[in-house]
Amino acid sequence: MQRASVVFRASGAAASRFSTTNVFCARRGVRNASSIRVVTNSKRPDATADTPDAPSTPSAVKYVENKFSDSKYTSSKPADKPAFDSDTTANGDLASALFNPAEGYLQGSHWSTSFQGMATEPFESRISDVLMAPITESEIEIKPDGLLYLPEIKYRRILNRAFGPGGWGLVPRGAHSVSGRTLSREYALICLGRFTSQARGEQDYFDDGGLATATEGCKSNALVRCCKDLGVASELWDPAFISQFKAKYCAEEWVTHAVRGSKKRMWRLKTRQWEYPWAKK
């Protein structure tokens, strides 16, 4: 098993900053605290001379590639620069770029922080009628766990009818973040040049190869949540409507997995049949 090794050369007060090796390990993904050594030299405050095992530069820390962490960059970063730098991201790989808080298209955009136009006046009645129109029941879908939903493309079509293509957009309000295997990001919905709503979208993924798809799912999930503030498909959050719809259009049945043989109680629309690998027996 490979093991990351990080060496610091410091002196005096600087050495005390790295005395708690366990905290540093947790932050940088180093699994073995024994792989960190703190070298102090009270006679040389600057300690800038290169050594075979501990090269160092003033006001910088050399981060060594860690096979156990998600960080894949190996460059010295001055203390006054962000931990991630879009110009020095290793190999320009997607995983590193996704979590870069200095993403170029966020810089210089006031919409990344602005609430301009929020609650200044209602949209005209034509727009409101489109946004708050009752949803067509035939367009509603149900997940196997019983959650009703409207496909995200339907939300985009409603916004296009209300504001016109190009009359609305989603603006990222920060970089992506990850918790376990869940990717998330904050977005703001801007309509006709006005801040309308803000929500955090999320999407699960299973390996780095699925990050591109996860980012798109994350954006779509944020759009659905933002549309709640505009009254789009609000019935799907109404308990009374949910109960009536399920009783009229849905069925909950025991089904068997064709490969594993396990049984599970799942929901479906009455107009649909079970698909492989699930079947009712």
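C226 SG to R200 CZ: the interatomic distance, rounded to the nearest 0.5 Å, is 11.5 Å. The distance from the CD1 atom of I153 to the CG atom of N160 is 8.0 Å, given to the nearest 0.5 Å. Taken to the nearest 0.5 Å, the CD1 atom of I142 stands 8.0 Å off from the CG atom of L147. Within the model, atoms CZ of R126 and CZ of R161 stand 11.0 Å from one another, a figure rounded to the nearest 0.5 Å. Atom CG of L131 sits about 9.0 Å away from atom OG1 of T196, to the nearest 0.5 Å. To the nearest 0.5 Å, the span separating CZ on F241 from CD1 on I135 amounts to 4.5 Å.
In this view, S114 and H110, W111, Q116 satisfy the side-chain contact (heavy atoms from CB on, under 4.5 Å) rule, not counting sequence neighbours. Every residue was checked against the ring-ring contact (aromatic ring centres under 6.0 Å, His included) condition with Y155, not counting sequence neighbours, and none meets it. Residues passing the ring-ring contact (aromatic ring centres under 6.0 Å, His included) test with W267: none are found, sequence neighbours excluded. Partners of Y149 by ring-ring contact (aromatic ring centres under 6.0 Å, His included), not counting sequence neighbours: none found.
Considering only heavy atoms from C-beta on, I190 comes within 4.5 Å of F195 through its side chain. Looking at T213 and Y205, their side chains never come closer than 4.5 Å, going by heavy atoms from C-beta outward. Using a 4.5 Å cut-off on side-chain heavy atoms (C-beta onward), L189 and L230 make contact.
The nearest pair of heavy atoms linking T256 to G261 is CG2-O, 3.8 Å. Nearest approach of S128 to F123, heavy atoms of both residues: OG-O, 3.4 Å. A pairwise comparison of heavy atoms in L150 and A233 identifies CD2-CB, 4.0 Å as the closest pair. For the residue pair Q203 and A214, the shortest heavy atom distance occurs at CB-O, 3.5 Å.
Hydrophobic clustering (side-chain heavy atoms under 4.5 Å, transitive across Ile, Leu, Val, Met, Phe, Trp, Tyr) keeps F115 apart from L170. A single hydrophobic cluster is not seen to contain both V171 and F163; linkage of ILVMFWY side chains at heavy-atom distances under 4.5 Å, directly or through other members, places them apart. Side-chain heavy atoms closer than 4.5 Å link hydrophobic residues (I, L, V, M, F, W, Y) into clusters, and following such links, even through other members, never connects L183 to V224.
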Inset, instruction - Assess whether side-chain contact (heavy atoms from CB on, under 4.5 Å) is satisfied between F245 and L236, documenting all intermediate values. - result: CA-CA 10 Å; F245 183 89; L236 299 181; over 6 Å; no
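The backbone N or O of G117 sits less than 3.5 Å from a side-chain atom of T120, completing a donor-acceptor pair. The backbone N or O of L223 sits nowhere less than 3.5 Å from a side-chain atom of R156 that would complete a donor-acceptor pair. In this structure, the side chain of K246 engages the main chain of G146 through a donor-acceptor pair within 3.5 Å. Of the possible polar contacts, none joining the R185 side chain to the G201 backbone as a donor-acceptor pair under 3.5 Å is found. At distances below 3.5 Å, at least one donor-acceptor pair connects side-chain atoms of T215 with backbone N or O atoms of A212. Judged purely by atom type and a 3.5 angstrom limit, D207 uses its side chain to pair as donor or acceptor with the backbone of G210.
Remark: of the listed residues K270, K264, R268, R268 is the sole one forming a salt bridge (charged side-chain N to carboxylate O under 4.0 Å, His left out) with E253.
Residue pairs satisfying the salt bridge (Lys or Arg N to Asp or Glu O under 4.0 Å) criterion with at least one member in residues 214-240, sequence neighbours excluded, are listed as follows: E202-R225.
Applying the 4.5 Å side-chain rule to ILVMFWY residues, one finds V255, M266, W274 in the same cluster as W278.
Under a cut-off of 6.0 angstrom, the local environment of CD in E275 is sparse, with at most 12 non-hydrogen atoms contributed by other residues, nucleotides or ligands.
With salt bridges taken as basic N to acidic carboxylate O contacts below 4.0 Å, one links R272 and E141.
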